[in-house]
Protein chains: 2
Amino acid sequence: MTAQRRLLVGIIQDSPRHLDAAALLEIARKQDPDIDRATVYRTLALLKNRGLIDELDLMHIEGEKHYYEAKTNRDHCHMACFRCGAIMEYASSSFEKLKAEMVKQSGFHIRVVRLEVGGFCKRCQKGVTS
Amino acid sequence: MTAQRRLLVGIIQDSPRHLDAAALLEIARKQDPDIDRATVYRTLALLKNRGLIDELDLMHIEGEKHYYEAKTNRDHCHMACFRCGAIMEYASSSFEKLKAEMVKQSGFHIRVVRLEVGGFCKRCQKGVTS
DNA sequence: ATAACTGCAAATCTTTTGCTTACAG
DNA sequence: CTGTAAGCAAAAGATTTGCAGTTAT
């Protein structure tokens, strides 16, 4: 793996928030001003195929871009608040059970799972009409 | 609701497969040749906001477009086969339980849920290296 | 009347590709 | 050497928007 790619991987791993391609590029340029958009996209595609990162939509809460995060040991759900935009994560054994059940009942071989929820977080619920 | 919108809703409800905006437009034009792309997108946005349809990505198995389906009584998961492109649906009480658990533990008010899985269907597994 | 809906064309945004040069194993 | 990676610029694909005319309440 090249230096640029290692840089990108490091940024994704270290970031406290989920980055999209543009944000990732911007951060990477602080350390390597010559890095190009295409390199970012090509690297993301590669990491995705190798299963090193997960791609998220976060309910398209902010346009159609994709967000990325380093693959964790445990799959988790992302809950996106339509009002404040907060992203919360949620992992539980029930999720694992559900996956196991799906595999067992359908014979499907799971490569990637994405569970996303849109709604209103606890704080934002007060005052929401629906 | 206008005639055009009723037409679009009807098409979505009747379609056996998940349609993207372009496919929906094409079908709609058979009955109303003057209908425009913009109307399709605007109607989809409206239906989505009202919770009448769900928007799917189907793991971006075929580009970045979105697919739509009429909201069903029961949330279900979509499993997309990376090899043959088949889309399978999966609903179970475990999924309902997981949702209930998420609500209880996080206080999040769920508006939309999307559970998508990418991998290989039973038939396509034979011969896949990974 | 007033507000919502439509077509049309142009714009926007994100992501991808072709091509040539530069590296890495 | 030989294959993979990178930069650049242009293209592609999906979706959105401004505006002017139309329809519905």
Side-chain angles (χ1 to χ4, degrees), chain A residues 1-12 17-50 52-69 80 85 112 114 116 118, chain B residues 1-12 17-50 52-69 80 82 85 114 116 118:
Chain A
M1 188 168 304
T2 67
Q4 288 193 327
R5 291 189 174 169
R6 273 191 302 272
L7 170 58
L8 293 172
V9 172
I11 293 171
I12 293 171
R17 65 191 171 102
H18 300 107
L19 302 172
D20 66 355
L24 177 56
L25 175 62
E26 197 187 346
I27 295 173
R29 280 199 163 142
K30 287 179 187 156
Q31 292 183 59
D32 179 351
D34 293 331
I35 196 166
D36 191 78
R37 221 176 346 177
T39 300
V40 170
Y41 281 107
R42 288 194 267 238
T43 302
L44 288 172
L46 182 139
L47 297 173
K48 196 169 36 157
N49 284 334
R50 294 203 185 155
L52 299 174
I53 57 173
D54 276 323
E55 185 179 61
L56 315 170
D57 293 303
L58 302 182
M59 295 315 272
H60 306 118
I61 226 170
E62 210 189 317
E64 300 307 307
K65 40 193 169 189
H66 297 132
Y67 299 87
Y68 301 88
E69 70 179 8
V112 201
R114 199 148 79 200
E116 299 192 335
Chain B
M1 188 169 305
T2 68
Q4 288 194 326
R5 291 191 173 167
R6 274 192 301 272
L7 171 59
L8 294 172
V9 172
I11 293 171
I12 294 172
R17 66 191 170 102
H18 300 108
L19 303 171
D20 65 356
L24 178 55
L25 175 61
E26 197 186 348
I27 295 172
R29 279 198 163 143
K30 287 177 188 157
Q31 292 183 60
D32 178 352
D34 292 333
I35 196 167
D36 191 77
R37 220 176 346 177
T39 299
V40 170
Y41 281 107
R42 289 193 268 236
T43 301
L44 288 172
L46 181 140
L47 297 173
K48 197 170 35 158
N49 284 334
R50 294 204 185 154
L52 298 174
I53 58 174
D54 276 323
E55 185 180 60
L56 315 170
D57 294 303
L58 302 182
M59 295 315 273
H60 306 119
I61 226 171
E62 209 189 317
E64 300 306 308
K65 41 192 169 191
H66 298 132
Y67 300 87
Y68 301 89
E69 70 180 9
F82 288 145
R114 199 146 80 199
E116 300 194 334

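Each chain gets a letter, A, B and so on, in the order its sequence line appears, and its residues count up from 1.
At D:dA14, none of the side-chain N or O atoms of B:H66 fall inside 4.0 Å of OP1 or OP2 (strictly under the cut-off).
Going from atom NE2 of B:H60 over to atom C1' of D:dG13 covers 13 Å, rounded to whole Å. What separates CG of A:L46 from C1' of D:dA6 is a distance of 14 Å, to the nearest Å. What separates NZ of B:K48 from C1' of D:dT15 is a distance of 10 Å, to the nearest Å. We find that CD of B:E26 is positioned 16 Å from C1' of D:dA14, with the value rounded to whole Å. For B:K65 and D:dA12, the NZ to C1' distance is 13 Å, given to the nearest whole Å. Rounded to an integer number of Å, the gap from B:D36 CG to D:dG21 P is 17 Å. Put simply, CE on A:M1 is 9 Å from P on D:dA5, counting in whole angstrom units. Rounded to an integer number of Å, the gap from CD of B:Q4 to C1' of D:dT22 is 11 Å.
A distance of 5.5 Å separates CD of B:E55 from CZ of B:R114, quoted to the nearest 0.5 Å. Separating the CD atom in B:E62 from the CG atom in B:D20 is a distance of 7.5 Å, to the nearest 0.5 Å. Going from atom CD1 of B:I53 over to atom CG of B:L19 covers 10.5 Å, rounded to the nearest 0.5 Å.
Toward the 5′ end of DNA chain C lies the nearest nucleotide of B:I35, the other residue of the pair B:I35 and A:E64 mapping further downstream. Taking the nucleotide of DNA chain D with the nearest heavy atom to each of A:T2 and B:A38, the more 5' of the two is matched to A:T2.
Taking the side chain as every heavy atom from C-beta outward, A:D57 and B:D57 approach each other to under 4.5 Å.
Checking D:dT17, D:dT15, D:dC8 against every side-chain atom of A:R42, the shortest atom distance belongs to D:dC8. The side chain of A:R37 lies closest to D:dA10, out of D:dA10, D:dC19, D:dG7.
Here the closest non-hydrogen pair linking A:V40 and A:A21 is CG1-O, 3.9 Å. Taking each heavy atom of B:R37 and B:R29 in turn, the nearest pair found is N-NH2, 4.5 Å.
A 4.0 Å heavy-atom criterion places the boundary nucleotides of DNA chain C facing chain A at C:dT14 to C:dG18, written 5' to 3'.
Nucleic acid contact for A:D34: sugar-phosphate only, since backbone atoms but no base atoms lie under 4.0 Å from a heavy atom of the residue. Looking at heavy-atom distances under 4.0 Å, B:A21 makes contact with sugar-phosphate atoms alone, never a base.
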Can A:R5 and A:L47 be said to form a side chain to side chain contact (heavy atoms under 4.5 Å, CB included), step by step?
CA-CA 9 Å; A:R5 291 189 174 169; A:L47 297 173; over 6 Å; no
